[in-house]
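Take a look at the structure below.
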Amino acid sequence: MRLFDTYTRSLFELPPPPGPIRMYFCGPTVYQRIHIGNARPFVLSMWLKRWLEQSGYDVRLAENITDINDKIYLAAPGRSAELAAEASRWYVEDTDLLGLGRPDHEPKATETVPEIVDLIARLVDRGLAYPAGGDVYFRVVRFPEYGRLSGREGDHEALHNPSEEAERDELKEDPRDFALWKAHKEGEDTVWESPWGPGRPGWHIECSAMAEKFLGPVFEIHGGGNDLIFPHHENELAQSRGAGSEFARMWMHNGMLQLTGEKMSKSLGNIVPLRDAIQEWGREAILLFFMNSYWRKPIEFSDEVLEQASAQAETFRNYFVGLEHEPQEIERDALARVLDDDFNTAEALRLFHDWRARGRTDSLRWGLEVFGLGDLAEAVSAPAALVALAEKRKEARASRDFDEADRLRSEIEDQGWEVRDVADGFELVPK
RNA sequence: GGCGCCGUGGCCGAGAGGUUAGGCAGAGGCCUGCAAAGCCUCGUACACCAGUUCGAAUCUGGUCGGCGCCUCCA
């Protein structure tokens, strides 16, 4: 299996099964409900995990929840811890609606502070970090590789890491340096002890610490949105390699979701909460929407494409209505051919339609299940009362009383079900 | 400005130097008491300009356009 790697900008060949494949994906910073754009890396990581497991790999996926962050302090002055805890629950609740299962580990920054402090201490010992005014900064000049991941190596201007407050910049030896630890400030309602005084971790360091804690000093895949390449992932890489770990062997960065041509982001305010989208379109349509795109490309979220995805969900669902068939061999290799080539899910979807048209029921059921779409193959049985109405209608039709038959059909429709006449009777399907 | 991703038919999208992708929507038809579902037929696309080639949507160069990052962001 090969995947496009941001670091080398070329395809990375995964070791053969059983691996292991250790994956770290950047989860959200929790201070509000996640939007559908935040769901993309979650969906990608879970699909990849499911497919790799299906392929005989030993997979371990860690996906963090960042619950210490300036945004959180800002969003809930004086009660940031409560907000972060609540928003963490929202995140799990909302992503559970996708029905893809959970990562193996979902660590929180607040539960990883001792490891974070240890990691910073290691960097200070090695001369790659220095305390200043209660803060601790990473010394970029000591890490020559800095900027390689984001393709701006050597470009001092582009590698600038400004502090939140301009006056803290004076504490830094170099504008590119970034905070590993931040001294406690007035108004911040959470604080931890450290060798450098009370404070809290900076952004970036929690991911380095959590990845090492749950996956070890080296792992295969690091993922996240492509807006994290700089500075977040660049800094993670510097911290972890600086501390002596090999860190990620490859990086996968998913493209952004766009709403009317613009990136969907909290700061622009053009967001669609995941929960609302699932409620409006159904989880299957959301998943098919993601599946019909290549993971690295930006995609436009619009009513039109979601309607198209819903229609495809219907097409699959209709295929399984009242279906009976002999067991068949599963065409595993056909799916492997497209997914093992940079995880081409759009091509996989095309294959599913091909299986449907060719009556490869078992292959289709299996393939849909890999993508968490097994529901589409499930028969939904109607309540007995409706079946009775449909039986009455069948009798009416047999005696050619079509007025009565049509009346019964609309009565059934009023209750949200549709009657379809088939060769030897009828099928009831939810509308 | 720097770095990067990308431009395929009404829409979404694979593919890739010569042979129909697929889906959705639309038109016509078959089937049906009527429907629904399903099936059949129909669009002959690849931003633009040069170049390489017997042949390019696919390779090379350039132009234009969109998007992302460079500041919090998946």
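Labels below follow one simple rule: chain letters A, B, ... track the order of the sequence lines, proteins then strands, and each chain is numbered from 1.
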Distance, C1' atom - from B/A25 to B/G13, rounded to whole angstrom: 14 Å
Nucleotide forming a Watson-Crick or wobble pair with B/G22, both distances under 3.5 Å: B/C12
Close side-chain approach of A/I116 and A/E206, heavy atoms under 4.5 Å: yes
Atom-pair distance (CD on A/E304; C1' on B/G13), nearest Å: 13 Å
B/G38 base / A/N318 side chain donor-acceptor hit below 3.5 Å: no
Length of the line joining A/N226:CG and B/C5:C1', which is rounded to integer Å: 8 Å
P atoms of B/G9 and B/G4, separation to the nearest Å: 27 Å
A/F247 and A/W251 aromatic ring geometry - parallel, tilted or perpendicular at 30°/60° bounds: tilted
5' precedence on RNA chain B between A/I36 and A/S150 (nearest-nucleotide basis): A/S150
Distance-minimising heavy-atom pair for A/L335 and A/A348: CD1-CB, 3.6 Å
Whole-angstrom distance between B/C59 and B/G17, as gauged at atom P: 8 Å
B/G22 to B/C46 separation - C1' atoms, rounded to the nearest Å: 16 Å
Partner of A/K172 under side-chain contact (heavy atoms from CB on, under 4.5 Å), chosen from A/F138, A/Y130, A/F178: A/Y130
Minimum-distance nucleotide to A/R152 side chain [options: B/C69, B/A37, B/A74]: B/C69
For A/N161 against A/D169, the heavy-atom pair lying closest together: O-OD1, 4.5 Å
Base partner of B/U41, which must satisfy Watson-Crick or wobble distances under 3.5 Å: B/A27
Sugar-phosphate only, base, or nothing, as touched by A/G255 at under 4.0 Å among non-hydrogen atoms: base
B/G23 base / A/Q312 side chain donor-acceptor hit below 3.5 Å: no
Between B/A21 and B/A47 - P atom distance, rounded Å: 15 Å
Distance-only donor-acceptor test (3.5 Å): side chain A/Q258, base B/C67: no
Whole-Å C1' distance, B/A35 and B/A74: 46 Å
A/F12/A/Y7 under ring-ring contact (aromatic ring centres under 6.0 Å, His included): CA gap, chis, key distance, verdict: CA-CA 10 Å; A/F12 179 91; A/Y7 192 85; over 10 Å; no
Under-4.0 Å side-chain N/O to phosphate OP1/OP2 contact, A/T315 with B/C24: yes
Touch class at under 4.0 angstrom, heavy-atom based, for A/H253 against every strand present: nothing
Test ring-ring contact (aromatic ring centres under 6.0 Å, His included) applied to A/H353 and A/F316, step by step: CA-CA 8 Å; A/H353 281 291; A/F316 286 121; 4.5 Å; yes
Sugar-phosphate, base or nothing in reach of A/L349, heavy atoms under 4.0 Å: nothing
Partner nucleotide, any strand, of B/G1 [Watson-Crick/G-U, under 3.5 Å]: B/C70
Sugar-phosphate only, base, or nothing, as touched by A/S302 at under 4.0 Å among non-hydrogen atoms: nothing
From B/C11, B/C5, B/G68, nucleotide with atom closest to A/R296 side chain: B/C5
Presence of A/N344 side-chain N/O under 4.0 Å of B/G15 phosphate oxygens OP1/OP2: yes
Touch class at under 4.0 angstrom, heavy-atom based, for A/G151 against every strand present: sugar-phosphate
Any side-chain donor near an acceptor of the partner, A/S363 and A/Q328, under 3.5 Å: no
Sugar-phosphate, base or nothing in reach of A/Y294, heavy atoms under 4.0 Å: sugar-phosphate
Under 3.5 Å donor-acceptor pair, A/D421 side-chain atoms to B/C34 base atoms: yes
Opposite nucleotide pairing with B/G65, Watson-Crick or G-U, both atom distances under 3.5 Å: B/C6
Sugar-phosphate, base or nothing in reach of A/V419, heavy atoms under 4.0 Å: base
Whole-angstrom distance between B/A56 and B/U8, as gauged at atom C1': 14 Å
Any donor-acceptor N/O pair under 3.5 Å between B/G4 base and A/R148 side chain: no
Any donor-acceptor N/O pair under 3.5 Å between B/A35 base and A/R420 side chain: no
d(CG, A/N292; P, B/G23) in whole Å: 12 Å
Complementary nucleotide for B/G55 - Watson-Crick or wobble, under 3.5 Å: none
Same-atom distance (C1') from B/G7 to B/G15, integer angstrom: 16 Å
Given RNA chain B, 5'-ward residue of the pair A/F402 and A/N69, judged by closest heavy atom: A/F402
